[in-house]
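Values reported hereafter were calculated over all heavy atoms of this structure, with side chains retained and with hydrogens, waters and symmetry mates removed. For clarity, every value in this text was computed on a predicted model and none was experimentally measured.
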Amino acid sequence: MSYVRACAVSDVEDEGALAVEIDGESIAVVRSDGEFFAIRDECSHATVPLSEGDVEDCTIECWLHGSRFDLRSGKPTGLPATKPVPVYPVRVDGDDVLVSLTTNQEFPQ
Ligand code: FES
């Protein structure tokens, strides 16, 4: 599994998100409870960026209609969204946040 640098650790506040682009894919790098997550930066309900939503307790809330997604699984935990959003493996190496675009989830890419 190959990882690419997404951003610096210090670029993302705790309970915050940062929009990045990796290989043409829009990704939200999210930090919650001190842990990093990566999720496709597009709500599954409509085409708006999740990175502009609120982060709390390992979930991100879409700013448009309030759907919430679990950052560990990408699954919606609040309506109106019913479809999951792909999430990606993340690791921290020193001051770098690395993301792998490989996902073994059964979501459409
Ligand atoms: S666009 Fe995200 S909940 Fe509607």
Side-chain angles (χ1 to χ4, degrees):
M1 190 183 297
S2 68
Y3 284 83
V4 294
R5 184 183 184 279
C7 60
V9 165
S10 54
D11 288 339
V12 191
E13 293 174 18
D14 203 26
E15 308 306 326
L18 178 73
V20 299
E21 196 164 307
I22 301 172
D23 288 348
E25 184 82 28
S26 297
I27 308 282
V29 177
V30 186
R31 190 174 186 172
S32 183
D33 288 342
E35 214 180 318
F36 283 90
F37 303 91
I39 187 167
R40 183 188 284 172
D41 197 9
E42 186 180 301
C43 184
S44 63
H45 183 237
T47 313
V48 300
L50 287 174
S51 57
E52 294 174 17
D54 288 331
V55 178
E56 194 182 330
D57 294 335
C58 297
T59 65
I60 191 162
E61 182 179 303
C62 180
W63 56 271
L64 191 54
H65 305 116
S67 287
R68 297 171 136 253
F69 297 91
D70 188 319
L71 290 165
R72 292 163 289 222
S73 66
K75 291 187 177 148
T77 59
L79 293 171
T82 55
K83 293 186 190 144
V85 176
V87 293
Y88 303 95
V90 179
R91 65 188 174 86
V92 174
D93 183 9
D95 190 42
D96 294 328
V97 181
L98 310 174
V99 173
S100 171
L101 287 188
T102 309
T103 178
N104 55 5
Q105 295 165 321
E106 63 282 6
F107 306 138
Q109 291 297 298

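Not counting sequence neighbours, the partners of Leu64 by the side-chain contact (heavy atoms from CB on, under 4.5 Å) test are Val48, Cys62. Applying the side-chain contact (heavy atoms from CB on, under 4.5 Å) test to Val4 and every residue at least two apart in sequence or in another chain returns Ile22. In terms of the salt bridge (charged side-chain N to carboxylate O under 4.0 Å, His left out) criterion, residue partners of Glu61 (sequence neighbours excluded) are, by chain and number, Arg68.
In the hydrophobic clustering of ILVMFWY residues, with side-chain heavy atoms under 4.5 Å counting as a link, Phe69 and Leu79 come out apart.
Using modelled atom types and a 3.5 Å distance limit, the side chains of Thr59 and Asp70 yield no donor-acceptor pair.
Residue pairs satisfying the salt bridge (charged side-chain N to carboxylate O under 4.0 Å, His left out) criterion with at least one member in residues 89-100, sequence neighbours excluded, are listed as follows: Arg5-Asp96. Counting only residues at least two apart or in different chains, salt bridge (charged side-chain N to carboxylate O under 4.0 Å, His left out) contacts with residues 10-20 are absent. Sorted by first and then second residue, the salt bridge (charged side-chain N to carboxylate O under 4.0 Å, His left out) pairs involving residues 45-58 (not counting sequence neighbours) form an empty list.
For Ser100 (side chain) and Ser2 (main-chain N/O), a donor-acceptor pair under 3.5 Å exists by modelled atom type. A donor-acceptor pair under 3.5 Å is absent between the side-chain atoms of Arg31 and the main chain of Ser10, judged by distance alone.
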| query | Does the side chain to side chain contact (heavy atoms under 4.5 Å, CB included) test come out yes or no for Leu18 and Val30, once each step is laid out? | reply | CA-CA 6 Å; Leu18 178 73; Val30 186; over 6 Å; no
| field | Verdict with supporting geometry, Val90 and Leu98, side chain to side chain contact (heavy atoms under 4.5 Å, CB included) | value | CA-CA 6 Å; Val90 179; Leu98 310 174; over 6 Å; no
| Passes side chain to side chain contact (heavy atoms under 4.5 Å, CB included), Glu42 versus Leu50? Steps please. | CA-CA 5 Å; Glu42 186 180 301; Leu50 287 174; over 6 Å; no
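Across all their heavy atoms, Pro89 and Tyr3 have their closest contact at CB-OH, 3.5 Å. The two residues Cys7 and Val12 come nearest to each other via the heavy atoms SG-CG2, 3.8 Å. Closest approach of Val99 and Ala6 over heavy atoms only: CG2-CB, 3.8 Å. Minimum heavy-atom separation, Asp41 to Ala19: OD2-CB, 3.5 Å. Of all non-hydrogen atoms in Ile27 and Ala38, the two that sit nearest each other are CG2-CB, 3.9 Å. Shown here for Cys58 and Ser32, the closest heavy-atom pair between the two residues is N-OG, 2.9 Å.
At a threshold of 4.5 Å between non-hydrogen side-chain atoms, the residues Tyr88 and Ile39 do not count as touching. Counting heavy atoms from C-beta outward, Val9 and Val92 have side chains that approach closer than 4.5 Å. Inter-residue side-chain proximity for Pro76 and Pro84 is flagged as met; some heavy-atom pair is nearer than 4.5 Å.
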